[in-house]
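Working notes, structure below.
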Amino acid sequence: QVQLKESGPGLVQPSQTLSLTCTVSGFSLTSYSVHWVRQHSGKSLEWMGRMWSDGDTSYNSAFTSRLSISRDTSKSQVFLKMNSLQTEDTGTYYCARNIRGSLDYWGQGVMVTVSS
Amino acid sequence: DIQMTQSPASLSASLEEIVTITCQASQDIGNWLSWYQQKPGKSPQLLIYGATSLADGVPSRFSGSRSGTQYSLKISRLQVEDIGIYYCLQAYSAPPWTFGGGTKLELK
């Protein structure tokens with residue numbers, strides 16, 4: 001069955017780089033795009049960017065040049081890297097699969113705290 | 001960026017009641033609108049895609065509609081398990097996709 005699972009450090013120091021991995025199963029990264037979505041505690045959802053099935057990427061300009069998404073199709077993994085982290089980057093980060101302009105499967109999310 | 005204005009921000013309703021949540025898009029987004037339910041501590045779950053199509057496994061009491069740039073999610077007979085936060089998402093213009101601010105649905 002389709003599954004996505006995020007992994008990464010729960011605590012990151014300010015100004016450091018966040019590295020997250022989304023490991024997928026049950027589908028191919030060359031057939032579906034995978035998106036990253038962030039949620040601040042008690043707040044709405046924020047679309048961050050996506051890895052297209054052809055390997056191209058799109059980003060939310062709100063993250064300017066801090067954000068980078070890549071993948072390893074052989075390992076069925078999509079990576080998120082975001083630098084210059086600040087306390088306002090604290091939140092839960094999700095990866096999700098795109099189909100028909102919607103996000104049909106989501107990972108469980110990984111909570112990230114930015115603090116010294 | 002396309003703005004999605006969701007209302008109400010919170011809603012209290014009784015069991016079996018009809019509940020309607022709306023999202024107003026700042027410009028035409030066609031049918032590139034989906035709805036999600038999120039329960040505490042859980043990931044969002046897809047309910048409706050393409051503005052009106054029911055996602056697999058979602059109860060038929062959920063429905064979506066569109067009137068111009070206004071989109072609605074309707075729960076025909078509220079059940080206990082429907083309590084949570086609901087979000088709309090536009091996928092017409094990317095980047096970025098944009099979510100509505102959310103509607104917290106509680107039992108009266």
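By convention in this document, chain letters (A, B, ...) are assigned in the order of the sequence lines, proteins followed by strands, and residues within each chain are numbered from 1. Just so you know, these numbers use all the heavy atoms, side chains as well, and skip hydrogens, waters and symmetry mates.
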When you compare the side chains of A:Gln13 and A:Ser116, does any donor N or O come within less than 3.5 Å of an acceptor on the partner?
no
In Å, rounded to the nearest 0.5 Å, how long is the span from CD of A:Gln77 to SG of A:Cys95?
10.5 Å
Donor-acceptor pairs, chain A vs chain B, cutoff 3.5 Å:
from: A:Gln39; atom 1: OE1; to: B:Gln38; atom 2: NE2; distance (Å): 2.9
from: A:Gln39; atom 1: NE2; to: B:Gln38; atom 2: OE1; distance (Å): 2.9
from: A:Gln39; atom 1: NE2; to: B:Tyr87; atom 2: OH; distance (Å): 3.3
from: A:Lys43; atom 1: O; to: B:Tyr87; atom 2: OH; distance (Å): 3.4
from: A:Ser44; atom 1: OG; to: B:Gly100; atom 2: O; distance (Å): 2.8
from: A:Tyr94; atom 1: OH; to: B:Gln38; atom 2: NE2; distance (Å): 3.3
from: A:Leu103; atom 1: N; to: B:Tyr36; atom 2: OH; distance (Å): 2.8
from: A:Gly107; atom 1: O; to: B:Ser43; atom 2: OG; distance (Å): 2.5

Comparing B:Pro95, B:Ala91, B:Pro44 against chain A, the one with the most heavy-atom pairs below 4.5 Å turns out to be B:Pro44
Hey, what do you get for CD1 (B:Ile85) to CG (B:Leu11), rounding to the nearest 0.5 Å?
12.5 Å
What is the distance from atom CD1 of B:Ile48 to atom CG of B:Leu33, rounded to the nearest 0.5 Å?
10.0 Å
Is the shortest side-chain heavy-atom distance between A:Val12 and A:Val112 below 4.5 Å?
yes
With heavy-atom distances below 4.5 Å as the criterion, would you say the side chains of A:Phe27 and A:Leu4 are in contact?
yes
